[in-house]
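Shown next, in structure tokens, is the structure this report addresses.
Chain identifiers are assigned alphabetically (A, B, ...) following the order of the sequence lines, protein sequences preceding nucleic acid strands; residue numbering begins at 1 within each chain.
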Amino acid sequence: MTERSVVTDNKQAHIKEKVISGLLSLSALISVVTTVGIIILLLSESVSFFKEVSIIKFLFGTRWEPLLEPKSFGVLPLLSGTMLIVVGSAIIAIPMGLLTAIYLSQYASDRVRTFLKPILEILAGIPTIVYGYFALTFISPILKQVFPSTHIFNALSASIVVGIMILPMVASLCDDAIRAVPNTLKQGGYALGATPFEVITQVIIPGAFSGIMASFILAVSRAFGETMAVTLAAGATPNLTVNPLESIQTMTAYIVQVSLGDTPAGGIEYQTIFAVGALLFFVTLTMNVIANRVMHHFREVYE
Amino acid sequence: MVELSRKDHAVTHHKSVEISDPAMETLNVTIKYGESIAVNSCSLKFQKNRVTAIIGPSGCGKSTLIRSLNRMNDFIDDFSLTGQVMFAGEDIYNRKADPVEIRRRIGMVFQKPNPFPKSIYKNIIWGPQINGFKGNPDELVEESLINAGLWDEVKDRLNGSAMALSGGQQQRLCIARAIAMKPEIILMDEPASALDPKSTARIEDLIEELRQNYTIVIVTHNMQQAARISDYTAFLYNGDLVEFGVTKHIFTNPDRKETEDYITGRFG
Ligand SMILES: Nc1ncnc2c1ncn2[C@@H]1O[C@H](COP(=O)(O)OP(=O)(O)OP(=O)(O)O)[C@@H](O)[C@H]1O
Ligand SMILES: [Mg+2]
């Protein structure tokens, strides 16, 4: 028997490695190029928009009527509409999501857990347009019974379904964060005569704080960008209001309206969607960056 | 050579070992995980203000037994216990017994130091505070740290994070945290096994001092350690309590062949 050398001169294997690594970098490149392309498109179209409308008037104007004469390009009504949905859905999803996660991770038996987790995942997998229908045909009529002044299209009903929509994400991310808190810490708490409630609120939640905060921010940013459900349920009335029973329009719903309508491409009306899109992109990006920072900054060191 | 100089009481026959004033006692305790038996009909008394060591090979049920003494097994889904664990005149597994109250009075130190990711000060004061402590917190923190032999090292950084301490310091902090509760019994499950020899020696000295005021039950894999620090030793093998007696006798003249084999290192 001859001894096998550690030095090989296998050209074929070498080429194969190169091809594989080339293919992998290519696929990574595609996503980078796409992102850069989107940013360039948004920015270049926005730049031509902002040549005609001052950025101050856009950001602080209180009337959004780009399709009517006299045209007005104040984005505040769209922003306030979006914020109504974001705040409303957060009020629903954040506490319920956190409580669900606490229940799942601390109280639920294994049997209940294996039953509930998939339900949450199904909830997360329902197409958002279905949520829109649900809001329009089920929630809004109920709201109208309770508050007769409710419009058919209204922010509240949309907030509720967006809240339900982002709830699984909050619950599941919080559940992960809570589970990441070492068991030994929990036991340390119990060994000092703490009640389960004290252990949860004073040991586990602080231990999972960064993950919980990040889940909130990601959920909010998801509500911010949510489109179909709000287009369907919240209406198409740019409306600077804090009354959730009124019809409003979000930034995303506006973009849908113009993209699907017969607004000719190239005109200032058409460019508005890029300006609104750029604003949307900027806000969600900022929130995701903050979420990332929070995750790293508050990451507890257990060792 | 095993050092046994510190024994100060005279119980001569371990077969009839006399526990005159038990702080705690197990009566025919059998512990199962699902269907498998981890501790088999164990009856043991823990003498007040003395150190009782539980020794035995890995997997013989030491942790299971010590965790059952302050109901830390409650969190394990398929855990079940029959028999009685008597403390302060009651069976702590009595349906009316309150595990929270039991753990207030029977503290525990774990194998791996597990300080909370909070300040040193908070680590100590948290337990007493959630349990309605009304005295002067600064004094309690100082006193506990002094008793745990950690005060000099941390007195200038009480508000610094406990996570920044060394492993040995963290373990002493966990002991300080446990004694701040002023428990009657302190359970320790291999408290020094994750530490270097110097920190281990400090913990051993500390146990020696704590023994004045507390009843201590300690699980250890280290024979020399058991011999050095304990007054009584229980040898567990395969879930059975094989032998229990005065440490000196267990280590010099055990009754049972298994005990002798184990302490002389023939198995385990
Ligand atoms: N949570 C659990 N669920 C099921 N079985 C367990 C559990 N914990 C321990 N056991 C089993 O019970 C037996 C005793 O385990 P235990 O941890 O009490 O041993 P030990 O003497 O402390 O061992 P070591 O010296 O390795 O720490 C082992 O067979 C172990 O596999
Ligand atoms: Mg163990």
- [ ] Pick whichever of B/Met72, B/Met181, B/Arg105, B/Met108 has the most heavy-atom pairs under 4.5 Å with chain A.
- [x] B/Met72

Task: Which portion of B/Asp77 sits near chain A, non-hydrogen atoms under 4.5 angstrom - done: side chain

Open item on the list: Using every non-hydrogen atom in the two residues, find where B/Asn131 and A/Gly193 come nearest and quote the distance to one decimal.
Closed with: OD1-O, 3.2 Å

- [ ] Check whether B/Arg177 gets within reach of chain A through its side chain, its backbone, both or neither, counting any heavy atom under 4.5 Å.
- [x] both

Open item on the list: Counting only heavy atoms not in B/Lys48 (residues, nucleotides, ligands), do more than 12 fall under 6.0 Å from its NZ?
Closed with: no

Task: Heavy atoms from other residues, nucleotides or ligands near OH of B/Tyr33 exceed 12 (cutoff 6.0 Å) - done: yes

Open item on the list: Looking at A/Thr184, is its backbone amide N or carbonyl O close enough to the side chain of B/Asn114 to form a donor-acceptor pair, meaning the two atoms are under 3.5 Å apart?
Closed with: yes

TODO: Go through the steps for A/Val203 and B/Trp126 under the test side-chain contact (heavy atoms from CB on, under 4.5 Å), then give the verdict.
DONE: CA-CA 10 Å; A/Val203 177; B/Trp126 186 75; 3.7 Å; yes

TODO: Of all the heavy-atom pairs spanning A/Pro206 and B/Lys118, show the shortest one and how long it is.
DONE: CG-NZ, 4.5 Å

Open item on the list: Pair B/Arg103, A/Leu192 - check side-chain contact (heavy atoms from CB on, under 4.5 Å), show working.
Closed with: CA-CA 6 Å; B/Arg103 295 185 204 116; A/Leu192 289 168; over 6 Å; no

Open item on the list: For the CG atom of B/Asn70 and the OH atom of A/Tyr190, what is their distance to the nearest 0.5 Å?
Closed with: 13.0 Å

TODO: Taking atom CZ of B/Phe133 as the centre, report whether more than 12 heavy atoms of other residues, nucleotides or ligands fall under 6.0 Å from it.
DONE: yes

Task: Nearest-0.5 Å distance, CD of residue A/Gln187 to CZ of residue B/Arg67 - done: 7.0 Å

If you look only at distance, which donor and acceptor atoms sit under 3.5 Å apart when one is on a side chain in residues 107-116 of chain A and the other is two or more places apart or in another chain?
| unit_1 | atom_1 | unit_2 | atom_2 | d |
| --- | --- | --- | --- | --- |
| A/Ser109 | OG | A/Val112 | N | 3.4 |
| A/Thr114 | OG1 | A/Asp110 | O | 3.1 |
| A/Thr114 | OG1 | A/Arg111 | O | 2.9 |

- [ ] Return the option, out of A/Ala191, A/Ala194, A/Pro196, with the maximum number of heavy-atom pairs under 4.5 Å with chain B.
- [x] A/Ala191

Open item on the list: Less than 4.5 Å to any heavy atom of chain A: does that hold for the side chain of B/Phe110, its backbone, both, or neither?
Closed with: side chain

